[in-house]
Each structure stands twice: as C-alpha cells, then as structure tokens.
Number of protein chains: 4
Amino acid sequence: MSEPIKMIDEMFDFDEGLTEKQKRILAAAIESFAEKGYAATSTSEIAKKAGVAEGTIFRHYKSKKELLLTIVAPMMAKLVAPFVIKDLNKVLNQEYENFEEFLKAMIENRAKFLKNNMPLFQILMQEIPFQPELKEQFKEHIGAKVIERFRTVVEHYQGKGQIIELPPFSIIRFTVSAIFGLLATRYLLAPDADWDDEEEIQRTVQLLMHGISVGR
Amino acid sequence: MSEPIKMIDEMFDFDEGLTEKQKRILAAAIESFAEKGYAATSTSEIAKKAGVAEGTIFRHYKSKKELLLTIVAPMMAKLVAPFVIKDLNKVLNQEYENFEEFLKAMIENRAKFLKNNMPLFQILMQEIPFQPELKEQFKEHIGAKVIERFRTVVEHYQGKGQIIELPPFSIIRFTVSAIFGLLATRYLLAPDADWDDEEEIQRTVQLLMHGISVGR
Amino acid sequence: MSEPIKMIDEMFDFDEGLTEKQKRILAAAIESFAEKGYAATSTSEIAKKAGVAEGTIFRHYKSKKELLLTIVAPMMAKLVAPFVIKDLNKVLNQEYENFEEFLKAMIENRAKFLKNNMPLFQILMQEIPFQPELKEQFKEHIGAKVIERFRTVVEHYQGKGQIIELPPFSIIRFTVSAIFGLLATRYLLAPDADWDDEEEIQRTVQLLMHGISVGR
Amino acid sequence: MSEPIKMIDEMFDFDEGLTEKQKRILAAAIESFAEKGYAATSTSEIAKKAGVAEGTIFRHYKSKKELLLTIVAPMMAKLVAPFVIKDLNKVLNQEYENFEEFLKAMIENRAKFLKNNMPLFQILMQEIPFQPELKEQFKEHIGAKVIERFRTVVEHYQGKGQIIELPPFSIIRFTVSAIFGLLATRYLLAPDADWDDEEEIQRTVQLLMHGISVGR
DNA sequence: GATGAATGAGATTTCATTCAT
DNA sequence: AATGAATGAAATCTCATTCAT
C-alpha cells in the first residue's frame, strides 16, 4: 500500500491539504477501479481497503463519480504536460537535432511516466468512453492542444526536409499509434514478458522512420 | 432498430433458431452495453428497450453475464477469422504478390467488418480487461493463433526479401498498431470527420512500408 | 389493517389495477405518514408494516416522494369535489332554499368525508407547506376553483338579500374558518371528547348566521 | 440575516448569555425549520447557514431535538401570554367596556405578535403533532389555562347580557376559529395579497358579533 | 414461452453525534 | 470555546434473479 501512496503524493502534490485518510481512500480507489472497473467497484469495498468508514469517503467526495473525476482529471493533464508550450520550445529551439531524436526522447519520457502511473492510465482509458465529462476534457486537451502542438513539430521538421510531405494529421496518427501500441503492449497486454525496453524503443523509432520494407 | 437487428442476423446467422424477441433482446443489449458499459447497464433497461418483460431475458440467458458472453464471443471469432488456415493459404499461395498488397487487402477487409460491427467491437474492447473468460479467449485466439499466423506471413515475406530483418514480433506489433490506430481513429475517435477512406488506407500502407522520413 | 384497506378502495377506486400488496403499502404509508410525518417515516418501516420487501415499494413508486404524492393528490381532488360545477348547480337551482340550509348540508357532507379520511387529511395538511407540488395543486384547486365557486354562491344569496353586503372574500374566509375550526377541533384536537355532532353543527351554523352577540 | 437575529433577541431576551454564534445558530435553525420542517433539516445545513462548524451546534445543544425545543418552547409561552392572570385582569376590571372592544384589542395584539414571529409560529404548528413534549406543553397551556381563562371572559360578558347564551366552549371555538382563520390567511396563505389590516380586523369582529345574515 | 410482481442483497448516500486537536 | 474530520447506523434506492400465473 505504501507504493500507491507515494504515487498519490506525486500525482496530487499540488493538493497539499490531503489527510492521511484521504490518501488511503485515493490509493484504494485507484487500485480497485483499475482492477475491476469503476462501475463494478463498490464504495464499501474502497472503504474497507482504505481502512476507513464508508461515510468518510463521502465526507471528502460528494459522490462516487466525483471521486473518479478527482482521480482521473489530473492524470489527463499530466499525460499531455510535455506538449505544453514550455516543454515544447525545447524542440523548436533545436534542442533535438532531428525528429528521430525527438521521438526517442519523447517515447522514453512518456514510457517512464506511464510505468509509474499505469493504474491511473488504465482507469482513464476505461472510463473515457462512458463519462461525458472526461470525454469533454479529453477532446479539449488532446484534440485541441496536443494535436495542434504536435502539428507544429511535424511541420517544423517537414520544413527542414526531414519528414515526408504527407498531411501532418496522417503522420501524427501514424506516429501516435506506433507509440501507443508499443506502450500498451509493454504495460497492458504483456507486462510480464521479457522486454529489453531500450532496444524495443530503438526498433520502434527505426520502424517509424523507415518502415518495414527492405530499404534501399 | 431495424439496423442492429440486421446486424444480429449476420453475426448470429449460425443460430438460426433466434426468436424475434431474442433478436430484440440482443440488439437492445448491444446498444446499451456499447453506450454505457456492461456493468452500468441494467437488465430492466434492456428489457424495456427490447420491448419484452424482464423475465423474458432470463428465459433465454441464464444470467446477465451469459448474455454478454453470447454477444461478445462470436465477435471475437469473426474478428480474427481471416487468419484461420483457409483464408491464410491464399496469402501463402501467392494470392498476394507482395506484403504491401496483402496489407492493403487486409486493412480494407477488416475496416469493412468493423464498420458493420462497431458496437460489438466496442463492447469487446471495454470488457476484455474485466471478464476473465474473455481475457482467456482473447489470449488463446489472438495471442496464440493470430500472432502465430501473422508471424508465418511475416517470415514468408522476409524470406522473399521484402520485409526488413527485425524480430517478427516487433514487426507485427508495429503493423497491428498502425492498423488499429487507423481504425480506432476512423470509427471511434472521429467518426464524424471527413474521411477519404481509400486514400487514408493508402497512406497508412505507404507509411508502414517506408516510414515517415524522407526516403531516398 | 382491514379498515384502512377498505378506505384505500374508496379513495383509489378508479385505480382498479391495485395489487393486494400495493394496497397494503398504501395503507401502511398512510398510517405512518399521518402518525409520524412524511420525513420521519422510513420506507423500511412502511415495508415492514405492509409485510412486503422494501424493494416492492420502489417497484410501484419510483421514490418515496412519489408514494406521498400518489397518496395525497386524489385526496385533494375529493376534498373539493362538491364544488365542481355539477354539484354546485344544485345550489344555484334552488335546491337549497336559503344559505343556512346550504351551509348545514355542506358541513355535514364534508364532516362525513373527513371522518372517513382523517389520516389522509392530516397528511395533506402537514405536507402542503413543504411540498411545492402540493402547494401548487392546492393553489390551483382551492385558490382558483373553490373560492371562485364559493363566491358565486355567496353573491347568489347576497342577491337574494339573505347575506350581508360585505366583500365575498371576507365572508368566505369567515365561513370557511368556522367550518374548518369545527372539523379540526372535532377530529384532530379533541377526537375523544363527548360530541353531539348534530347539535354542534347546528350551533355553528347559528353562530355563523347571527354571530355571538345577543341579537335583537 | 440581521432581521431574524433581532427577533432572536426579543424572543430569547431572558437568556442574556447568548453568544453571537449561538444567536446565529438559532436564527439559522429557525429559518430552516420553518422552510423545510424539522425532520427534513440537517444539522450540517444549519451549521453552514450559521457559519459555524458542525460540532459547535452540539456544544450548545445536546441534540437536534433539544435545539428544536429551545426554539419552540418560549414561543408557546409568549403566544398565550396575554391570557395569564395579570393581563386578563384588565378585562375583568372593565378595562374593556364590551366584548367587541376586547376582541378587537386582542386580535390586534396577537396579529402584531405573529407578524414578528411567523417562522417560529410555523415551526410550532408543524411540530406540535409530532413532538410529544410539545403536545403535552400545548395541552397544558392552551387546553388547561387559556380555555379556562377565555371561558371566564365569555361568562363574564354573558353575565352582562352581551353574549348569547350558548355553551362557552362553542363560543370560544367559534371565536378562536375566526381569529385563527384570519391570521392564517393573512400571514400564511396569502401574505403577499393586498391587505387593509385595520379594515379586515374590523370586518372580522363585525362578523363575529353579528354573523353573516342580513341583520334586523 | 412470456409476463411482470416480488424479492432481498447490496449499492450509494445522508446525517446526528463524537472526539482529538 | 470552537473546529471539522471521522464515524457508523440507517435511509433511500437499484437490480439481477425467481416464480406464480
């Protein structure tokens, strides 16, 4: 249990006002939601796992739904944080010589992040389709901001003649799919398999850059 | 409502013994499960939507869970059908001259299939993580069979010198990610966007084959 | 318990579709609401008293509030029924020679009605201030219709020179107060006292007509 | 909020030891109890409205019930105060020449009182049927004392030949009904209507004295 | 086969009250 | 005195499932 609580601190660090019990509630909720899904997790179960009275949950969160949103909303923000202006400037300011390096850095960064926050990410993925609030936030954050920023990057490297001249949106979709597919396989589908993470990331970048056909 | 029922017929055609009411129950369940999730859908809701009495559902399906499995199990089979021996032989028997053509054909085929069965696919995706029976079936079908077959294909074209010499599993993951990403974006994330399906598939295949870097 | 159930039949006679259990629920709810008030009565208490499972209540009434309204709404209608056009015409068609006779008949009629429906009347009185829906209905029925009709009667007898020429509304208020005071005292405040009902109604009519001062 | 607090001071003046917070609690409780009823008002609601912590309420009042009684008990005493010996003697000592003047004075006095204490009066009316302690106090004060005193007055004026020779209890009931009906209509049913209070009281007294029939 | 009333276990939520600070 | 986190009992409500008709 001490592990999730540490993660809680990272994730909710801005909320310094968290009681010890509140943290235990969050940790328990995250664990259960990830394991059985939001709808199939009962608040009494969470209370028991957290070692608090059921009423205590509702003293801090008006409803079970609010508990879910409290858990999942900051995750969404952090997930796309590297795409906010500040971080992004590193790219545009030539911090990365070419798109390949940029890709590799980004994948490594997000892989580390997901590794530390798998349960939260699972909950997010599972619940987005069913919670209109989340869908809304997702569209706003990902759809509007991230894609926009990503496009800037792609166009930047297209301008430098490093990336093929296809519609940026197609390139983004293709790139994100490869990354997402890598991470999902690594952490969700086959977390127990033998992985050489470095190597697999390297291969993915290579495939992204040059495709699967035998080059010439 | 008549649309889903037609789909029901396609999907459950082998079960010719389906009553009109049974079809209505299946259609209603599919619609609700896809929209709100299995756990958040009540049987009484399904009954109302199907226009039958609550008890009638349980006359045909021993439990709510059985109803879910009835719905989702054939979907899984059909989803991977093209990878069973018979169809696959077409590939190996040179039906497709090169991997690129094979890819294109496969994507088009599966895209059509998903288009006709989106709600079922959604339910499958949502519930696999939570239903051990499904997880089991999925591993067996996809993990065991499909990957195995796909590997055969990859190795086949590697042997012909058309595909790069990386571990087949990495190539499969990369390829499947691109396809899955395309279809998910097309049918789940942005079903209402303006799409030139032909074109987008063409681009995806091109990217898969040659990557995003400016080739030479 | 058989007594309230008979009353239920009278009150809800139009709803022929009432299950035996539904009737028992209504009877139990009426008894408890009257005795302890709506807010202080729990649904589990009602279920126990009615001898049904708690869920059964909610199968028939979506919420506790709906149960209350189901009980109380028809009461309101019946309470003011004698003032609907048809009955009222008897008055205007000289069925009653003078206002005194009209008054006496009306009081006797409503007294009998209340006697048979005391608990319902109590609930109505108690809950009107707190339930906006009831307040609304009350205003519509009493405020709009009854007062209007009553005014017609008063003006009718004013025209015949039998009633003093004061504003009808003041006369109505005064008359209704006297009647309401009589009935409330008789059935709510001192139901166990020794009453000669005939006589007391007679006295009330006399006081209404001639006041308390020594006439001349 | 300052208004109710002023009223608190009037009502609870004898309890000089009231903290600012205590006053705020009382004011909040009165407001909520009157509006939603005792049972439907939560202590946390009162605390919020009063701007104090939940625990603070229980520091001053052992329980929610005690808070109610604290509020309502003095109201009952004040409501019937004019009927205690001292005030009553004014009547018997010919302070009022005739019953009519007495009536008018009394109505005016009680009307003013109610006007200043409507919420308290409402609470009293609503809760008497459900709180045995209140019922008891009410019977003792009203039933025993007030009626007794009122009977003395009535018999006094009957002796002087000013009031008709009917059973005093009937006369009291009739008179009180008229007064209560006037005040309830004025302050509860239609507080927003256009009222000429003077005039309406005058009319009520007239009707009480001479009835509604055309006198001779 | 079909119905829908009934169930009872359990889910979410409320709330008066206590208590450590 | 005051706070407000915590409690746990109880309240309202939901729902998969059964069963008599």
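Residue numbers start from 1 in every chain, and the chains themselves are labelled A, B, ... in the order their sequence lines are given, proteins ahead of strands. Every heavy atom of this structure was used, including side-chain atoms; hydrogens, water molecules and symmetry mates were not.
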Next on the checklist: For the backbone of Thr41(B) and the side chain of Lys64(B), can you confirm whether one donor and one acceptor N or O come within less than 3.5 Å of each other?
Outcome noted: yes

Next on the checklist: A side-chain contact here means heavy atoms from C-beta on lying under 4.5 Å apart; do Pro129(C) and Gln126(D) qualify?
Outcome noted: yes

Next on the checklist: Strictly below 4.0 Å: does His60(A) bring a side-chain N or O up to OP1 or OP2 of dA6(F)?
Outcome noted: yes

Checklist entry - Any side-chain heavy atom of Phe33(A) within less than 4.5 Å of one from Ile46(A)? => result yes

Next on the checklist: Checking the side chain of Glu66(C) only, and the main-chain atoms of Tyr61(C) only, is there a donor and an acceptor separated by less than 3.5 Å?
Outcome noted: no

Item to check | Closest listed nucleotide, where the reference is the side chain of Ala53(B) and the choices are dG4(E), dG8(F), dT3(F) | outcome: dG4(E)

Item to check | Distance, rounded to the nearest Å, where Glu45(D) contributes CD and dC15(E) contributes P | outcome: 8 Å

Checklist outcome for this item: One would report the end-axis bend of the helix from dA2(E)-dT21(F) to dT21(E)-dA2(F), five pairs per end and rounded to 10 degrees, as 0°

Checklist entry - Can you tell me how far C1' of dA20(E) sits from CD of Glu20(A), to the nearest Å? => result 16 Å

Item to check | Separation of dT3(E) C1' from Gln22(B) CD (nearest whole Å) | outcome: 16 Å

Checklist entry - Quick one: Lys23(C) NZ to dA6(E) P, roughly how many Å, whole number? => result 12 Å

Item to check | Tyr61(B) OH - dA2(E) P separation (whole Å) | outcome: 11 Å

Checklist entry - Looking at Glu54(A) and Ser44(A), what are the two nearest heavy atoms and their distance? => result OE2-N, 3.3 Å

Next on the checklist: Is there a side-chain hydrogen bond (donor to acceptor under 3.5 Å, both in side chains) between Thr56(C) and Lys21(C)? Walk through the geometry before answering.
Outcome noted: CA-CA 8 Å; Thr56(C) 305; Lys21(C) 300 220 172 191; over 6 Å; no

Next on the checklist: Given 3.5 Å as the limit, does a donor-acceptor pair link the side chain of Thr19(B) with the main chain of Gln22(B), or not?
Outcome noted: no

Item to check | Spacing of Leu18(C) atom CG relative to dA5(E) atom C1', expressed in whole Å | outcome: 13 Å

Checklist entry - Could you state the interatomic distance from NE2 (His60(C)) to CG (Leu67(C)), rounded to the nearest 0.5 Å? => result 11.0 Å

Checklist entry - Should we say atom CD of Glu133(D) is surrounded by more than 12 heavy atoms from elsewhere, each under 6.0 Å from it? => result yes

Item to check | 5′-ward residue of the pair Lys21(C)/Lys21(B) relative to DNA chain E | outcome: Lys21(B)

Checklist outcome for this item: Whole-Å distance, Lys48(D) NZ to dA2(F) C1', equals 18 Å

Item to check | Ile57(C) CD1 - dA5(E) P separation (whole Å) | outcome: 16 Å

Next on the checklist: Does the protein touch nucleotides 12-17 of chain F at the base, only the backbone, or not at all? Give it as B, S and - per nucleotide, heavy atoms under 4.0 Å.
Outcome noted: BBBSBB

